[in-house]
Number of protein chains: 2
Amino acid sequence: MTTLNQAVDRHLPASMGMDFPEQRKLASSTTLELRAGQGIYREGQRAAAIYQVQSGAVRVYRLMQNGHRHILSFYGPNEWFGLQDGLFHDDFAEAICASQLRSFSISGLPTLPVNLLGIALNSLAYANSRQLMIVRQSALERVAVFVKEMADRRPGISEFELMMSRADIADYLGLTVESVARSFTKLRTSGIIRLHGRGQRYVRIVNPEALAALSM
Amino acid sequence: MTTLNQAVDRHLPASMGMDFPEQRKLASSTTLELRAGQGIYREGQRAAAIYQVQSGAVRVYRLMQNGHRHILSFYGPNEWFGLQDGLFHDDFAEAICASQLRSFSISGLPTLPVNLLGIALNSLAYANSRQLMIVRQSALERVAVFVKEMADRRPGISEFELMMSRADIADYLGLTVESVARSFTKLRTSGIIRLHGRGQRYVRIVNPEALAALSM
DNA sequence: CGCCTTCTTGATGAGCATCAAGATCAGTGG
DNA sequence: CCACTGATCTTGATGCTCATCAAGAAGGCG
């Protein structure tokens, strides 16, 4: 963990760099209120709880030896995260925007209202799918997959706001910010989506069929 | 599953194309003897058991819509595989070489001699690590990781045989056969490994430090 | 020996990273 | 109200890495 903190400093705004609350003994269920960018847990910390998003959004990532950040997953309302192999976290979790979480102490296991194995297997299937996508899809296809993934979380709503920056998306898809921007532009100019609002973060899906075809 | 069989035919020798035994009701523990290339389960089949390798080696892969094969993992002696989210397999498992497996019926759950959650979390951590590697490591680094991974399974033995073909390795690392061959050559000419034997599948690690440095 | 499979090597090109600069916008303070 | 600042996003130019295409080399097996 010698190089870790340097890498962390590169990714966290200075004002938030050490903004990970010490994991303390939790009651079997606790509600957490988080500001944008606030840390939930970090690498090396003892894994003592699992979390469910109530509102807002969370990113979970790992840092590579070279300091590169790779986002493993984004989590939205009702989704679970934080379940860990071994005693200590090997990844980081942060709120992307103002969020509410519910945390469940693992030691309260018998009373947990969830099927841990189910969560784990679900995460595993998802991680495997992402492997396929990242390895063999083009930049444009990956961005299409991402947009579709975000859209599918809001069934029936054709326009929505992306909570995450282009940099987050890039680190999630294994691309650079520039490639992500170019792919968004390509989706826009080919009439598949429309973009507007602060930082072009509002997406309207104009041609869902074409989007689905790309993200296959 | 319309395009699936075409894709399968592309990857399985014709003589083995349909060589997946129907999954039948298993006693709580059964030993399986498999020839090289023989299927263990396939996509769409009901997931009814988990498996432990006794001897030999297994590859587990998924097929993409475009027919591309991506190998999610290789399994060696004592390792577990086949645990599945949902009722049906979404991947394929095959013996790479003559192998012995032990299969455990899932319905015999209370008597299972293993911690399913542990296996699932372990697989999840592994899948996540592979995501990082595949996204941001160069071809040479990925092959170095692979060689080190294989070597680490045989502690204390500096020379070993790779059970899998270059094509398997390519589909595992997200590269082409040619790129894998070139990377092996580079490792050889830079004095990190030595290769010989049938199909250059015998590997001797000459410079473990350099290998480790590459596969970081 | 000839055929097939697997592995290697070479030449070329496509796609994305990288480097650089401009555009847009929110926030800040005169 | 407007200029200034910093963050985020976009666009352009260039080069590197790896995929692709093509062909040769090295076994294994009839």
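All heavy atoms count here, side chains included; hydrogens, waters and symmetry mates do not. Below, read A as the first sequence line, B as the second, and so on, with proteins coming before strands; counting in each chain starts at 1.
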Sugar-phosphate only, base, or nothing, as touched by A/G174 at under 4.0 Å among non-hydrogen atoms: sugar-phosphate
Separation of atom CD1 in A/I169 from atom P in C/dC16, rounded to whole Å: 16 Å
Polar side chain donor-acceptor pair, A/R102 to A/S29, under 3.5 angstrom: yes
B/H70 vs B/Y61, ring-ring contact (aromatic ring centres under 6.0 Å, His included): CA-CA, chis, key distance, verdict: CA-CA 5 Å; B/H70 180 72; B/Y61 62 90; over 10 Å; no
Pairing residues for A/R194 by the side-chain hydrogen bond (donor to acceptor under 3.5 Å, both in side chains) criterion, not counting sequence neighbours: none
For chain B, the stretch of DNA chain D it reaches, first to last nucleotide, under 4.0 Å of its heavy atoms: D/dC18 to D/dG28
Within-4.5 Å side-chain heavy-atom neighbours: B/N122 and B/W80: no
Set of residues satisfying ring pair (Phe, Tyr, Trp, His ring centres under 6.0 Å) with respect to A/F81, sequence neighbours excluded: A/Y51, A/Y75
For B/E159, side-chain hydrogen bond (donor to acceptor under 3.5 Å, both in side chains) partners two or more places apart: B/H196, B/R204
Nearest-Å distance for atom pair NE2/P, residues B/H196 and C/dT8: 14 Å
Residues in contact with DNA chain D, drawn from residues 129-150 of chain A - heavy-atom cutoff 4.0 Å: none
Spacing of A/R198 atom CZ relative to C/dC25 atom P, expressed in whole Å: 13 Å
For B/K186, salt bridge (charged side-chain N to carboxylate O under 4.0 Å, His left out) partners two or more places apart: none
Qualifying side chain to side chain donor-acceptor pair (under 3.5 Å) pairs with a residue from residues 205-216 of chain A, counting only residues at least two apart or across chains: none
Flag for A/S73-A/R59: side-chain donor and acceptor within less than 3.5 Å: no
Pairs where residues 121-149 of chain B contributes a residue and the test salt bridge (charged side-chain N to carboxylate O under 4.0 Å, His left out) is met, not counting sequence neighbours: B/K148-B/D152
Proximity to DNA chain C (any heavy atom under 4.0 Å), residues of residues 178-187 of chain B only: B/E178, B/A181, B/R182, B/T185
Residues that B/E161 engages under salt bridge (charged side-chain N to carboxylate O under 4.0 Å, His left out), provided they are two or more places apart: B/R198
Pair listing, salt bridge (charged side-chain N to carboxylate O under 4.0 Å, His left out) test, anchored in residues 70-87 of chain A, at least two apart: A/E79-A/R153
Pair A/E33-A/Q100, side-chain donor/acceptor within less than 3.5 Å: yes
Nucleic acid footprint by protein, nucleotides 1-6 of chain C - heavy-atom cut-off 4.0 Å, B for base, S for sugar-phosphate alone: -----S
